[in-house]
Number of protein chains: 2
Amino acid sequence: MRLIILEGPISRAAIAKRIGLSIPSVMTITENLIGRGLVQTVGKGKSSGGKPPELLSVVPDSEYYMGVDIGRSAIRLVILNLAQKVIFGTRIETGAVQPEEAFVNRLCTLIQSSLAEAELDVSRLAGVGVAMPGLIEGETGHVLFSPDFGWSDIPLQNWLQRKLPYPVVVENANRALALAEGKWKGAGACLGDGTGSGSRTVLCVNMGHGIGAALLQDDLLYLGSSGTSGEIGHITVCKDGPLCACGNSGCLEAVASGEAIALQGRDAVASGLPTLMSELCGGAREKIDAKLVFDAAKQGDLAALSIVDRATDYIGIALAMAINILDPDSIVLCGGLTKNGPIFFDKVCESTKKRRMRQAGRHVDICLGKLGDYGTAVGAAHVISYNGWRIPKLEHYY
Amino acid sequence: MRLIILEGPISRAAIAKRIGLSIPSVMTITENLIGRGLVQTVGKGKSSGGKPPELLSVVPDSEYYMGVDIGRSAIRLVILNLAQKVIFGTRIETGAVQPEEAFVNRLCTLIQSSLAEAELDVSRLAGVGVAMPGLIEGETGHVLFSPDFGWSDIPLQNWLQRKLPYPVVVENANRALALAEGKWKGAGACLGDGTGSGSRTVLCVNMGHGIGAALLQDDLLYLGSSGTSGEIGHITVCKDGPLCACGNSGCLEAVASGEAIALQGRDAVASGLPTLMSELCGGAREKIDAKLVFDAAKQGDLAALSIVDRATDYIGIALAMAINILDPDSIVLCGGLTKNGPIFFDKVCESTKKRRMRQAGRHVDICLGKLGDYGTAVGAAHVISYNGWRIPKLEHYY
């Protein structure tokens with residue numbers, strides 16, 4: 001399916017050659033997909049001597065996938081068609097944290113009003129993928145612990161499933177984003193071919209309100225023994241550092257996330273330090289966010305620069321840690337903090353280079369994600385599309 | 001081979017059943033192994049109705065594998081036979097760091113005198129595996145950087161190969177140890193079956209003079225994009241901490257390795273603090289090693305306890321980091337520090353539990369390695385035995 005989506009129209013022989021299956025195997029699989037109405041024949045290709053080969057292409061509107069990204073500041077919703085094209089997108093403010101059940105009701109209303117607005121054949125909706133920050137149990141979509149929302153032990157997938165007549169899968173937001181950024185070359189991933197041998201490892205780090213990550217190995221999500229891997233935001237980088245929303249202290253997230261940077265900016269202004277941040281916020285300290293701190297730093301404000309230097313140094317320590325331990329092929333940086341331009345990216349790269357072990361990770365490519373604000377929502381839809389095609393390696397998981 | 005070694009005598013049908021291959025495939029493979037003189041038939045098994053099946057077993061002395069562990073304090077050498085039984089072992093002091101070429105000459109002398117002493121048929125020696133601390137380039141066995149020895153850019157495998165008439169492979173010491181501790185259930189690994197699904201991830205952490213680690217996934221070494229993964233000793237755990245042998249500051253190794261603990265003990269005595277360590281070393285500060293610090297801590301000495309608490313807290317931070325990011329099935333703790341008994345293990349587990357994210361790594365099993373001082377040397381020999389059997393998945397590597 002992926003090959004047909006990305007490279008179609010394509011002949012069965014070309015598919016067989018590209019993925020190393022026999023032509024009879026490819027014929028069996030493609031007949032199944034044609035029978036399910038997902039793939040169609042679209043004319044003939046060039047003959048290489050014999051009969052011109054039949055070309056296959058997806059039927060774009062044969063199936064739809066909804067992805068919902070529950071972020072601390074916004075909820076984003078997209079609908080993709082089988083060709084993985086975004087055919088509908090919307091965004092609402094998350095607002096103050098509500099009781100869990102009220103929040104779930106609001107989410108269901110958003111999902112159903114979006115379906116109505118998109119005017120598509122709902123019987124073709126393969127399912128709804130929901131991306132949620134925090135520790136999510138693999139097969140059940142149970143929210144074990146979400147520091148961003150203060151939720152513990154919430155059967156979110158189950159609650160949504162009981163209210164919605166489509167399959168629902170709840171997945172960790174960073175994993176959804178990694179699927180979108182890393183897996184779909186056609187969907188904008190910026191990964192080179194790498195010079196390492198063996199399996200390809202991609203670490204996708206999401207730095208916004210909080211900080212999280214996910215690992216892909218050979219395009220498959222790395223799951224871990226209990227489904228809770230990738231929590232780079234909650235490694236201790238500063239033993240006696242500030243309290244984190246997770247309950248520990250000195251976590252990366254507590255010193256370097258968008259929220260932590262904003263808090264440090266507010267503290268600097270409150271302390272009466274002479275800083276441009278006071279002017280930029282017009283005296284309203286609560287309006288200071290990470291972007292404002294970066295804006296002041298870009299104009300050379302020393303207090304803001306000191307906050308930015310400290311945060312990017314800690315992020316570099318965390319990325320250097322990942323390089324020392326995993327020596328990945330690529331690290332893809334995503335999320336709100338990456339929107340602050342070269343001042344962020346260059347300082348992070350500089351700190352990473354300084355903090356990693358000399359000669360470690362010689363082939364690691366550090367790059368920016370390309371999908372922007374809707375990456376996680378698109379990834380949430382991918383969680384469903386992979387389920388729908390029943391890729392055997394993922395079957396044990398979904 | 002592994003199945004025949006661990007469970008032989010075993011019938012072809014039992015092999016086929018256990019590893020999911022067809023009986024004709026198993027016959028082809030076992031005929032090859034019999035033809036190479038590695039496997040023999042050893043009588044008949046119980047009939048389950050038809051002809052009683054032929055049983056296969058390894059020919060223990062058909063092949064030998066030498067493993068050499070170059071440690072900062074000792075060099076250990078073992079010879080294994082095909083049945084993976086240690087048939088020879090020896091140990092010499094490493095002594096002061098010598099010029100690289102002189103060191104290589106000394107190593108070759110040790111290897112050849114050991115072969116003479118072991119009195120085995122040298123034509124059956126499949127090769128010599130050399131385990132070296134530091135960053136080792138995968139296919140070339142080139143020492144990129146070894147902080148313990150102060151070596152940079154030394155073509156160790158090449159130099160040894162030019163002097164020795166047997167195949168030589170140089171590998172990172174922690175990877176060798178992980179092969180021995182994690183891979184060979186029969187060789188003493190203590191891993192349970194785990195309750196996670198999907199691929200099994202085992203992190204083997206070696207804490208002695210320095211600190212390093214290696215990852216196994218489904219019994220295969222995780223290599224990384226440039227072959228330099230596993231360097232847990234050189235993650236920054238203390239941003240402005242003490243200088244490390246690698247050139248950075250605040251590395252785990254600089255605050256929590258055997259060497260770092262010994263240095264802190266010597267400093268405490270030098271500072272004139274009232275501490276039992278002064279008596280235990282009999283006034284000779286340079287005699288203080290990590291064991292002495294732990295011995296004083298076990299007797300309630302406050303200065304020693306403070307050093308031990310700090311070191312184990314940092315080790316816990318590093319293990320919690322590994323759990324947050326990788327959520328492995330098992331973490332196997334090995335090396336000299338683990339010999340200090342419950343005071344070490346309990347404090348490390350306590351800190352790990354405190355520092356990991358709540359609900360992360362619910363199924364992680366933390367346990368002690370079982371192979372003792374010769375584990376790395378045995379693993380170095382395994383590096384050769386795997387090469388000898390040409391397991392396809394490893395072929396790209398060796």
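Residue numbering restarts at 1 for every chain, and letters A, B, ... go by the order of the sequence lines.
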Check: Picking from B/Gln359, B/Lys354, B/Met357, which has the most non-hydrogen pairs under 4.5 angstrom with chain A?
Finding: B/Met357
Item checked: Residue B/Ala360 versus chain A: region with a heavy atom under 4.5 Å -> both
Margin query: Out of B/Val364, B/Thr236, B/Ile232, return the one with the most heavy atom pairs under 4.5 angstrom to chain A.
Written below: B/Thr236
Next item on the list: Please report the shortest heavy-atom distance between B/His142 and B/Asp153, naming the atom on each side.
Entry: NE2-OD1, 2.6 Å
Checklist line | Where B/Ala173 and B/Ala131 come nearest, the two heavy atoms and their spacing | finding: CA-CB, 3.8 Å
Item checked: salt bridge (Lys or Arg N to Asp or Glu O under 4.0 Å) contacts in which one or both residues fall within residues 232-246 of chain B, not counting sequence neighbours -> A/Asp313-B/Lys239
Checklist line | Residue pairs fulfilling salt bridge (Lys or Arg N to Asp or Glu O under 4.0 Å) with at least one residue in residues 249-259 of chain B, sequence neighbours excluded | finding: none
Note to self: With a 4.5 angstrom heavy-atom cut-off, is it the side chain or the backbone of A/Leu215 that approaches chain B, or both, or neither?
What the structure shows: side chain
Margin query: Is any side-chain heavy atom of A/Leu177 closer than 4.5 Å to one of A/Cys204?
Written below: yes
Check: Where along residues 316-327 of chain B does a heavy atom come under 4.5 Å of chain A, listed by residue number?
Finding: B/Ile317, B/Met321, B/Asn324, B/Ile325, B/Leu326, B/Asp327
Next item on the list: State the OG-CE distance between B/Ser257 and B/Met207, to the nearest 0.5 angstrom.
Entry: 11.0 Å
Item checked: Contacting moiety of B/Leu135, where chain A heavy atoms sit under 4.5 Å -> side chain
Next item on the list: Give the member of A/Gly247, A/Cys246, A/Gly361 that has the highest number of heavy-atom pairs under 4.5 Å with chain B.
Entry: A/Gly361
Item checked: B/Pro242 vs B/Val255 side-chain heavy atoms within contact, under 4.5 Å -> yes
Item checked: Point-to-point distance, once rounded to the nearest 0.5 Å, from CD1 of B/Ile235 to CG of B/Asn248 -> 12.0 Å
Next item on the list: Would you please name every residue forming a salt bridge (Lys or Arg N to Asp or Glu O under 4.0 Å) with A/Arg362, sequence neighbours left out?
Entry: B/Glu137
